[in-house]
Amino acid sequence: MTLKLYNTYSRQVEPLVPSNPDGVVRMYCCGPTVYNFAHIGNLRTYIFEDVLRKTIKRAGFSLKHAMNITDVGHLTSDADEGDDKMVLAAEKEHKTVMDIARKYEDTFFAHTKALNIERPDVVCRATEHIQDMIKFVEKLEEKGYAYFSNGNVYFDTSKFPAYGCLSGQRRDDMKHGARVETDDNKRNSSDFVLWFTSSKFKNQILQWDTKWGRGYPGWHIECSAMSVKHLGSHLDIHCGGVDHIAVHHENEIAQSEAYLGEKWCNCWLHGEFLQMKNDEKMSKSKGNFITLDTLIDKGYLPEAYRYLCLTSHYRSSLVFSYENLDAAAAALKNLHNKYLEFKNAASSPVTSEQEKQLLSYQEQFNSYLFDDLKTPQALALVWTVVKDKDLPASLKLKFLDSADEVLGLGLAKAQPQQSEEVVLSEEIKAKLEARKQARINKDWATSDAIRDELAAQGIVVKDLAGNEYEVTIR
Ligand code: AMP
Ligand code: ZN
């Protein structure tokens, strides 16, 4: 079976074909800026990347996966504006910048572990790769892509004609800096800083000597320098959240391809945002965010949040509400209980027909994952298998163990819990109505997509005459 993924660059679903002769898939994911806790929106992106990582391996590929830790250089705007995030946090918490970085990095990995997210093969800190970044910028300057202006080194986007190719914007239309502040040192508004020496942050503690003067790197350069260092010059996959498409990833492409003189990354994957109920973006800088600890303190299993994320496709935005989380938590409890029931069931002989059925379910499960990570459909299938009256407990257990290698719902460590009824929340009712409307409009794709999302939440819809429907809760 071929693994196919949606490539933001080509806007198409494409088969994954490793580009390096050793066949190892090289994947780079933009990591956390460690000036605060990762919020559950950030964690949605890392859950998606974890599902991707495990699916790549499931499809039989070897994988080398790297992720950076941004512990220097990220300003409050992605486009070289605002304040330095790390410096602000250190001032606020009366700690050193490095104390802040390590504190939030440790918490980040505690949270990802609790969510059964595997640690990438390479975790690289920006502050430990400063010399690599300096060399990278020096080469860009030698090749004529970088210029020194009033103390800072900038990337000249006019020298890179493909600038804007990922987001489909024309360079002239990009008005970086238009909203907040303009930098008169730039030749073009889309140019960006590679190295700061004339810092507006006199209190910037982390600084390094370079031929341009003492200073610190711009935010974007770290990903290009560390990716080339750890994964070589050809990346197969690069991931991040959708907010990175327009600035950060455009800049990464420009720097890396200018440096390498050839195409750098084949496939770009972006996770859609987790939204708050009132349509607001969950953001660290705005302070309106929920952490995993908030959910744990309220009594939720971390896996309940993972379950919620899996009920929606990574390219669809997901609205967070406690009602939605309650529905996911109830479905997860029921699944844990079913798992224990199958584990404790007396063994019965298995027929070849049943073995065949298991195989067919497993293939179906893989085909959903291999089709651009269709987790809602994969979860819905889990419930179909659980409910299959003709499949013995031992085979259901086998299916669930294998499925959980990717889903990561903690089935093997399940504890007996009071089963819960999945209630029809306002969101679920709205989805049912949206599906009805889609059927009236003969929009079968939307209606099927909503049905799968509902099924993943344990809600089965049966269509009746006249666009009416009947709902069963598992
Ligand atoms: P940051 O630590 O801010 O650099 O972000 C870490 C990752 O989370 C990046 O891949 C972002 O694109 C992603 N991200 C930021 N906000 C959200 C959100 N509300 N929902 C999903 N992903 C997000
Ligand atoms: Zn990056």
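Order of listing sets the numbers, starting from 1, for every ligand and every atom in it.
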Matching residue for His220 among His249, Gln255, His244, His248 - test: side-chain hydrogen bond (donor to acceptor under 3.5 Å, both in side chains): His248
Ligand 1 to Val242 polar contact by distance, N or O atoms, under 3.5 Å: no
Ignoring hydrogens and geometry beyond distance, is a side-chain donor-acceptor pair present between Gln131 and Trp208 at under 3.5 Å? no
Quick one: is the NZ or CZ of Lys139 closer than 6.0 Å to the six-membered ring centre of Tyr259, and within 45° of its axis? yes
Check the angle between the aromatic planes of Phe155 and Tyr145 and answer parallel, tilted or perpendicular using the 30° and 60° thresholds. parallel
Mind telling me whether Phe37 and Tyr104 have parallel, tilted or perpendicular rings, with 30° and 60° as the class edges? perpendicular
Can you tell me if His270 and Thr8 form a side-chain donor-acceptor pair at under 3.5 Å? yes
Looking only at distances, please establish whether an N/O atom of ligand 1 is found under 3.5 Å from an N/O atom of Leu274. yes
Which of the numbered atoms in ligand 1 are below 4.0 angstrom from a heavy atom of Gly240? 10 (O)
Presence of N, O or S from His249 under 2.8 Å of the Zn ion (ligand 2): no
Distance only, no hydrogens: is a donor on one side chain within 3.5 Å (strictly under) of an acceptor on the other, for Asp448 and Thr446? no
Angle subtended at the Zn ion (ligand 2) by Cys30 SG and His248 NE2, to the nearest 10 degrees, is 110°
I'd like to know if the Zn ion (ligand 2) has an N/O/S atom from Glu222 within less than 2.8 Å of it, counting both backbone and side-chain atoms. no
Can you check whether Glu49 has an N/O within less than 3.5 Å of an N/O in ligand 1? no
Contact between ligand 1 and His39 is defined here as a heavy atom of the residue under 4.0 Å from a ligand atom; is it met? yes
With rounding to 10 degrees, what does the angle Glu252:OE2 / the Zn ion (ligand 2) / Cys223:SG come to? 100°
Under a 3.5 Å cutoff, is there a donor and acceptor pairing between the side chains of Asn266 and Tyr9? no
So, regarding Glu272 and ligand 1 (criterion: nitrogen or oxygen to nitrogen or oxygen, under 3.5 Å), is there a contact or not? no
Does Arg44 reach ligand 1 with a nitrogen or oxygen that is under 3.5 Å from one of the ligand's nitrogen or oxygen atoms? no
Within the 4.0 Å heavy-atom shell around Thr45, which atoms of ligand 1 are there? 10 (O), 13 (C), 21 (C), 22 (N), 23 (C)
Checking Arg187 against Tyr147: charged group under 6.0 Å from the ring centre and within 45 degrees of the axis? yes
For ligand 1, which part of Asn42 has a heavy atom less than 4.0 Å away: the side chain, the backbone, both, or neither? both
What atoms of ligand 1 come within less than 4.0 Å of a heavy atom belonging to Pro32? 2 (O)
